[in-house]
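One structure is given here, and the rest of the page talks about it.
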Amino acid sequence: MKKTWAKTEKISVKAIKGDSLWGYLFIMPVFLGFVIFALMPILLSMYYSFTKYNLYSPPQFIGLQNYADLLKDELVGKTFFNTFYAALGIPFVIILSFLTAALLCRKIKGISFFRTMFYIPMVCSAVAVSLMWRWIFNSEYGLLNYFLSLIGINGPNWLSSTQWAMPAMIIQGIWGGLGGNIILYIASIKNVPQSLYESADIDGATAWQKLIKITLPSVSPTTFFIFVMSCIGAMQDFARFLVMTGGGPDYSTTTAVYYLYLNAFRYMKMGYASSLAWVVGMIVIIITIINFKLSDKWVNYD
Amino acid sequence: MINILIRKKASIKNTLSKTGIYILLMGGSILMITPFLWMISTSLKDEGSIFAMPPQLLPNPVLWQSYGSIFTELKIWQGFINTFMIIIPPTFIGLFSSALAAYSFSHINFKGRDKLFFVLLMTLMLPGVVTMIPTYVIFSKMNWVDSWLPLMIPGSFGSAACVFFLRQYFKTIPKEMIEAAKIDGMTHPNIFIKIIVPLGKTALITQGVFGFLAGYNDFMGPLIYINSSNKQTLQLMLSSLQGMYSSSYNILMAGAVVAIIPTLIIYGLCQKVFVEGISMTGIKG
């Protein structure tokens, strides 16, 4: 008996050790990737932010000079303003996505056709979508101004106007952002227990009341998720601005990350760009933390 | 008698609300689809007719010359080939790397497992913008700029998001099954290949499709790392069309249509994959 126990123990210790070996081995690729492409770059980035570095000569340590320059750089203020301005589209996207998802949850014939209509923009590349919308926003021959003229409005010079370029980008952003959010909302709305609606029906609630008083609070975790992800995405929005407007006119559609790109890859100011990257990164983290702290007030996980 | 009247009123109300919903959905769909229709319409016109006022939705006559230019003069074929060569290997290799890690995190017991997973998860919080420059510097020092390597190597190591997604899915595989396999003498690699992969097929395909699409649509990566025009990806080529054909919108739109077609095909084939994949991300998130 004693012998069998010892043997079993030996085998199980061996088994655990064998387990550990495979365990570590299997996570090796991902962790190597983490060290090389996440950890090292983060540390390097922090270091570069304290240097003057144009990639060809070695980095020169200059302490907090970059950060001081950031405060004095007018374009920093402007690009951050632009970034937040563009983010104003977020509430619109969320509201529209929610309402559309509610409609798309109904059992109606042809519902998958309608869903597809809203999902398609989601899979298309930023470049293709931007080209498409550039043509639509064209001031003389574009579709948008034509339709506006049909209702008597003289459409502005959209992408050539410092005033209207960013609103144009917001419109384009809303159009493209609906699909993914609608999918999330539909999944979430489907999970709301029927019984809640049934008791509301007994009380004589209208469809709108049921939507606002039952559905909306019940999907608040999804709303929270969408909002957090949208904020993170909006702070780093860049590609579509490059293709649609080239950041103009007069930097009115240059976002923070776009300015970062310019500093790093056009002006070869790697150190300055790194400090800018950290500021953007810090803001993202702070906004995310604030979102999480505030979530207790309005998100309910029933 | 009154019952009939009440039921009639209720069914009229029902029909009215259904009609209302249809109208709203039709309106919304028209708003969503019109840009695409306009894009296609423009691509089938010639230089003069694109500027006709009022705008003609149906081109008359339908001209395919823009597509001709796209394929012959502009060598968009090269863009397609380049793109597929760049994105296919990392999609498979990266998926494999992530799946191994996901299996390990979900079913293998080893010291520090949960702490390590947490560290990996933290990278999801990381704004990508921070790593962009140092990564470029590293690749630059290795003389890999203007090659495809910076676009292919990082992805091959897997991604935290993919690991997270797959781990959630693998956890639904009952651990009794794994235990039984171990008692049968199966090693972990064996278990991975014979049990995890077949059972996790749906999740793996989902992540594969997402990864492929992300690579296909990627613009920033190629923008930073590719300089030679013969190495350009499709998205990069599309974007540079603007410089060459700034107001030949028929050609620009033809390019955009050509670029979108593969994504539409993938969407058409894998619709379910998209919807379920994104839904899972939201629910687990």
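Here is how names work: the chains are called A, B, and so on, in the same order as the sequence lines, proteins then strands, and each is numbered from 1. All values below come from the heavy atoms of this structure, side chains included, with hydrogens, waters and symmetry mates left out.
By number of non-hydrogen pairs under 4.5 angstrom with chain A, the leading residue of B:Val275, B:Thr135, B:Leu252 is B:Val275. With respect to chain A, the highest number of heavy-atom pairs below 4.5 Å among B:Val163, B:Ile33, B:Thr263, B:Thr187 belongs to B:Thr263. For the options B:Leu236, B:Leu264, B:Ile224, heavy-atom pairs under 4.5 Å to chain A are most numerous at B:Ile224. Put simply, of B:Gly155, B:Pro154, B:Ala259, the one with the most heavy-atom pairs under 4.5 Å next to chain A is B:Pro154. Among B:Val137, B:Ile260, B:Thr131, the residue with the largest count of heavy-atom pairs under 4.5 Å with chain A is B:Val137.
Of all heavy-atom pairs spanning B:Pro134 and A:Pro41, the tightest one is CG-O, 3.2 Å. Minimum interatomic distance between B:Leu31 and A:Trp175 (heavy atoms only, all atoms of both residues): O-NE1, 3.6 Å. When all heavy atoms are compared, the tightest approach of A:Phe114 to B:Ser29 is CD2-OG, 3.1 Å. Minimum heavy-atom separation, B:Ala101 to A:Val30: CB-CG2, 3.6 Å. Heavy-atom minimum distance, B:Gln235 versus A:Ala128: OE1-N, 4.4 Å. The two residues A:Ala38 and B:Thr123 come nearest to each other via the heavy atoms CB-CG2, 4.1 Å.
Taking the six-membered ring for Trp and the full ring otherwise, B:Tyr136 and A:Phe265 have centroids separated by under 6.0 Å. Taking the six-membered ring for Trp and the full ring otherwise, the centers of B:Phe36 and A:Trp133 sit at least 6.0 Å from each other.
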- Carefully, step by step, assess A:Trp22 and B:Ser104 under the rule side-chain hydrogen bond (donor to acceptor under 3.5 Å, both in side chains). CA-CA 8 Å; A:Trp22 287 116; B:Ser104 180; over 6 Å; no
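With hydrogens and angles disregarded, a donor-acceptor distance shorter than 3.5 Å links the side chain of B:Asn217 to the backbone of A:Val123.
Summarising the local packing, CE of A:Met229 is surrounded by 12 or fewer heavy atoms from other residues, nucleotides or ligands at distances under 6.0 Å.
Rounding to the nearest 0.5 angstrom, the gap separating the CE atom in B:Met39 from the CE atom in A:Met132 is 4.5 Å.
If you measure heavy-atom distances from A:Phe118 to chain B, the contacts under 4.5 Å come from both the backbone and the side chain.
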